[in-house]
Amino acid sequence: MFQQLDRLNPDAILGLMTKFRADPYARKVDLGVGVFRDLSGNTPILDCVRRAEQTVLESQTTKSYVSAAGREEFNAAVEELVLGAEHSARRERRARTVQAPGGCGALRVGAELIRAAAPSTTVHVSDPTWGNHLPLLGSSGLRLDRYPYYDAAAHQLRFEAMLERLDRAAAGDVVLVHACCHNPSGADLNLNQWRTLTELLLRRRLVPFLDLAYQGFAADLDADVAGVRLVAESVPEVLIATSYSKNLGLYRERVGALIVISENESRAEAVRSHVLQIARSIYSMPPDHGAAIAACIFADSALRSSWIKELAAMRERIQSMRVLLARHLRTAIGDESFDFIESQRGMFSLLGVPAAVVDRLRERHHIYMTSDSRMNLAGIMPDNAAYVAAAVAAERTVLAA
Ligand code: LMR
């Protein structure tokens, strides 16, 4: 049977992670996989996580099953963190939240839900988007299409083109939107653009699927979901995939949730029953350990305020590296063409250079980024920013010559 299977290429992001690990060069620079790094290059366990984990271990009395929906106190806290305590969808009991195995699990369950409800739906994803969006959503059998979002060479959002394309989408189609810290571009919609988008979604009867993997990495926990809350205030049906890989650093624990908002309470109950059946048919139940830690942090005011401080420190470190890299690039290149890096948000920016330059940066300078020239700014350190900038300046010129 397996003779039918040809060997596949590794996943673009995970394959790069393996290549980086295998490179023995001492000054290698990892701007690849999206994990936070501190000044020593480590991806630390947050202090609030260590403390909460201790509490979880000490208080846990069983490893028996939880449920297909995961931990209810986690789900309730997630819903409040994303929508806010007073959100109309919650007041009207139209929101249902189910724990999932990471943001990826939430996206996949969401895609399966859409397919169960309306199999001929097209999901429109941004161009560019995170490399794993296409397999995650596409494997459910849904048709995918792309809307223009960001011009990597011009370093600009393509908002007008995005609206123009979505205006031609069929009623009932789904639009996947990055809630904040767009991956890979770092270019987000401002609040006015969210308003305009909301009007379009309503007018064209499109269903937003909001991917929220970086809450707290742009400005703060509340500001980063302003767009999400706005959309969920007026659009009757909304899906939201959340992840706690980045903002709690729980990457390998696979902590996420799917929030689905429906038109009314009875629809919401029906939707929940389908979500649970989908979960049961794929993985039965989400892993508990990470969600138990997250729930403990969300519920305990001391742990929560420690989290908010640690989250701010991660955000500020990345932001300061944006400033530093842009400054070194300005010096190395002699103009301001890379200043956009400074004003973008979250972990990533697209350098906006051809894949051939990306290859040379890796092969000649041991600087690793995905072939679309996405850089994880958390891989920039005070002692490698000048090196990276000089390498970019050199390779750009070589290629242009
Ligand atoms: C990334 O975009 O690099 C991260 O979200 C890790 C992943 O799973 O791709």
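Throughout, numbering of the chain's residues begins at 1 and tracks the sequence. Counting starts at 1 for both ligands and their atoms, in listed order. Everything numeric here is computed off the predicted structure, so don't read it as measured data.
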Glu263: what forms a salt bridge (charged side-chain N to carboxylate O under 4.0 Å, His left out) with it, not counting sequence neighbours? none
salt_bridge(Asp359, Arg362) N-O dist < 4.0 Å: yes
Parallel, tilted or perpendicular: which describes the rings of His178 and His182, with under 30° parallel and over 60° perpendicular? tilted
Run through all N or O atoms in ligand 1 and write down each protein N or O closer than 3.5 Å, as a pair with its distance.
from     : atom 1 : to     : atom 2 : distance (Å)
ligand 1 : 2 (O)  : Trp130 : NE1    : 3.0
ligand 1 : 2 (O)  : Asn183 : ND2    : 3.0
ligand 1 : 2 (O)  : Arg374 : NH1    : 2.8
ligand 1 : 3 (O)  : Gly34  : N      : 2.7
ligand 1 : 3 (O)  : Arg374 : NH2    : 2.8
ligand 1 : 5 (O)  : Lys246 : NZ     : 2.8
ligand 1 : 9 (O)  : Trp130 : NE1    : 3.1

Does Asp383 have any side-chain hydrogen bond (donor to acceptor under 3.5 Å, both in side chains) partners at least two apart in sequence or in another chain, and if so, which? none
Checking Arg37 now: which residues fulfil side-chain hydrogen bond (donor to acceptor under 3.5 Å, both in side chains) with it, not counting sequence neighbours? Asp30
Between Lys19 and Asp23, is there a side-chain N and carboxylate O pair less than 4.0 Å apart? no
